[in-house]
**Q** 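Have a look at this one.
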Amino acid sequence: MRIPRHIAIIMDGNGRWAASRGLPRVAGHRAGVEALKRVVRACGTLGVRYLTVYAFSTENWRRPRPEVDALMRLLVEALRREVAGLSAQGVRVNSIGEAEGLPPLARRELERAQAVTAGNPGLMLNLAINYGGRRELARAARLLAARVRAGELEPEEVDEAAMAGALYTAGQPDPELLIRSSGENRLSNFLLWQAAYSELWISPVLWPDFREEHLLQAVREFNARERRFGGLKDHPADGRA
Ligand code: IPE
Ligand code: IPE
Ligand code: MG
């Protein structure tokens with residue numbers, strides 16, 4: 001079986017999971033952290049190299065203040081509790097998103113997690129926190145514009161490779177497989193550039209119920225897909241670029 005080098009996941013459905021049990025939404029987020037731990041472990045075992053998970057979007061600030069606060073607290077707690085275990089698995093934590101917009105404590109824990117795990121050789125875990133695809137693209141454009149103004153780059157050199165190199169995921173392969181739990185059929189501003197040719201796999205399972213078996217099912221179905229990248233099957237790409 002071909003294992004994707006990079007898997008991206010929109011971890012959705014925590015609130016509905018909690019509501020269906022008569023629990024507060026934060027209980028769903030808590031259970032969601034446990035689901036993420038299982039999936040990180042499973043990805044490590046499978047030999048996936050990069051796992052990018054959507055934990056908090058630039059739009060999630062629209063939620064009620066108590067939920068946002070609870071999510072930020074949970075982030076801090078989970079990082080404090082889990083970093084040593086992740087490190088023992090060889091996981092390298094990397095945050096993608098606008099860290100400057102996070103509460104200082106959350107930002108500090110993220111920085112610490114990245115520093116502690118920086119030398120690890122295993123799975124790269126990209127935590128998308130205060131992440132928005134449009135925000136990321138605007139930032140890339142801004143970075144490149146600044147380099148043009150500084151005379152380091154010609155406007156003509158702003159091409160796809162230059163853009164990719166100015167994203168949070170610079171140097172990483174694009175995700176071959178993008179999973180969304182809880183049955184929603186949308187990207188919700190996740191990895192707009194990087195997911196251009198990702199295979200999408202939507203699961204009805206709510207994120208806190210997501211297990212290794214669901215990940216394996218996604219990878220198996222990914223293997224059965226035919227990826228054409230705009231070309232034709234069994235036809236060498238001999239047309240013009
Ligand atoms: C995903 O679960 C977690 C975050 C967005 C932080 P939701 O909180 O969106 O759960 P639902 O979609 O309301 O069920
Ligand atoms: C996407 O889920 C963001 C995360 C999983 C962190 P949302 O629940 O915020 O997405 P929408 O609002 O249903 O599009
Ligand atoms: Mg949701």
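Each ligand, and each atom within it, is numbered from 1 in the order the structure gives. Here the structure is a predicted model, which is why all the values come from computation and not from measurement.
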**Q** Side-chain contact test, heavy atoms from C-beta onward, threshold under 4.5 Å: evaluate it for Tyr50 versus Arg5 and give yes or no.
**A** yes

**Q** Determine whether Arg30 and Glu77 make a side-chain contact, defined as any pair of heavy atoms from C-beta on separated by less than 4.5 Å.
**A** yes

**Q** How long is the span from the OG atom in Ser181 to the CH2 atom in Trp17, to the nearest 0.5 Å?
**A** 13.0 Å

**Q** In Asp12, the N, O or S atom nearest to the Mg ion (ligand 3) is which?
**A** OD1

**Q** Do ligand 1 and Gly15 have nitrogen or oxygen atoms that lie under 3.5 Å from each other?
**A** yes

**Q** Please determine whether any non-hydrogen atom of Ser182 lies less than 4.0 Å from an atom of ligand 1.
**A** no

**Q** Say whether Trp17, considering both its backbone and side-chain N or O atoms, lies within less than 3.5 Å of an N or O atom on ligand 1.
**A** no

**Q** So which protein heavy atom does atom 6 (C) of ligand 1 come closest to, and at what separation?
**A** Ala55 O, 3.3 Å

**Q** Please determine if Asn14 has a nitrogen or oxygen closer than 3.5 Å to a nitrogen or oxygen of ligand 1.
**A** yes

**Q** How far is atom 5 (C) of ligand 1 from the closest protein heavy atom, and which atom is that?
**A** Arg63 NH2, 3.3 Å

**Q** One residue to check: Phe190. Relative to ligand 2, which of side chain, backbone, both or neither has a non-hydrogen atom less than 4.0 Å away?
**A** neither

**Q** Does only the side chain of Leu206 get under 4.0 Å from ligand 1, or the backbone, or both, or neither? Count heavy atoms.
**A** neither

**Q** Ser57 versus ligand 2: do any nitrogen or oxygen atoms come within less than 3.5 Å of each other?
**A** no

**Q** With heavy-atom distances below 4.0 Å as the criterion, list the atoms of ligand 2 near Phe56.
**A** 6 (C)

**Q** Side-chain contact test, heavy atoms from C-beta onward, threshold under 4.5 Å: evaluate it for Thr117 versus Val91 and give yes or no.
**A** no

**Q** As an exercise, identify every atom of ligand 2 less than 4.0 angstrom from a heavy atom of Arg186.
**A** 11 (P), 13 (O), 14 (O)

**Q** At what distance is the nearest protein heavy atom to atom 9 (O) of ligand 2, and which residue and atom is it?
**A** Asn60 ND2, 2.9 Å

**Q** With a cutoff of 4.0 Å, is Glu184 in contact with ligand 2, counting heavy atoms of the residue only?
**A** no

**Q** Given salt bridge (charged side-chain N to carboxylate O under 4.0 Å, His left out), test Glu184 with Arg186 step by step and report yes or no.
**A** CA-CA 6 Å; Glu184 306 290 357; Arg186 55 178 172 264; 3.5 Å; yes

**Q** When you look at CZ of Arg81, are more than 12 heavy atoms from neighbouring residues, nucleotides or ligands closer to it than 6.0 Å?
**A** yes

**Q** Examine Glu184 and say whether one of its N/O/S atoms is closer to the Mg ion (ligand 3) than 2.8 Å.
**A** no

**Q** When you compare the side chains of Trp193 and Glu136, does any donor N or O come within less than 3.5 Å of an acceptor on the partner?
**A** no

**Q** Taking atom types as modelled and ignoring hydrogens, do the side chains of Ser87 and Asn120 form a donor-acceptor contact shorter than 3.5 angstrom?
**A** yes

**Q** For residues Leu215 and Ala42, report the shortest heavy-atom separation together with the two atoms involved.
**A** CD2-CB, 3.7 Å

**Q** Side chains of Gln217 and Glu221: do they bring a donor and an acceptor to under 3.5 Å?
**A** yes

**Q** Does ligand 1 have any atom that is closer than 4.0 Å to a heavy atom of Arg25?
**A** yes

**Q** Looking at non-hydrogen atoms alone, which of Met11, His29, Arg16, Arg180 comes nearest to atom 2 (O) of ligand 2?
**A** Arg180

**Q** Side chains of Asn126 and Gln172: does their closest heavy-atom pair fall under 4.5 Å?
**A** yes

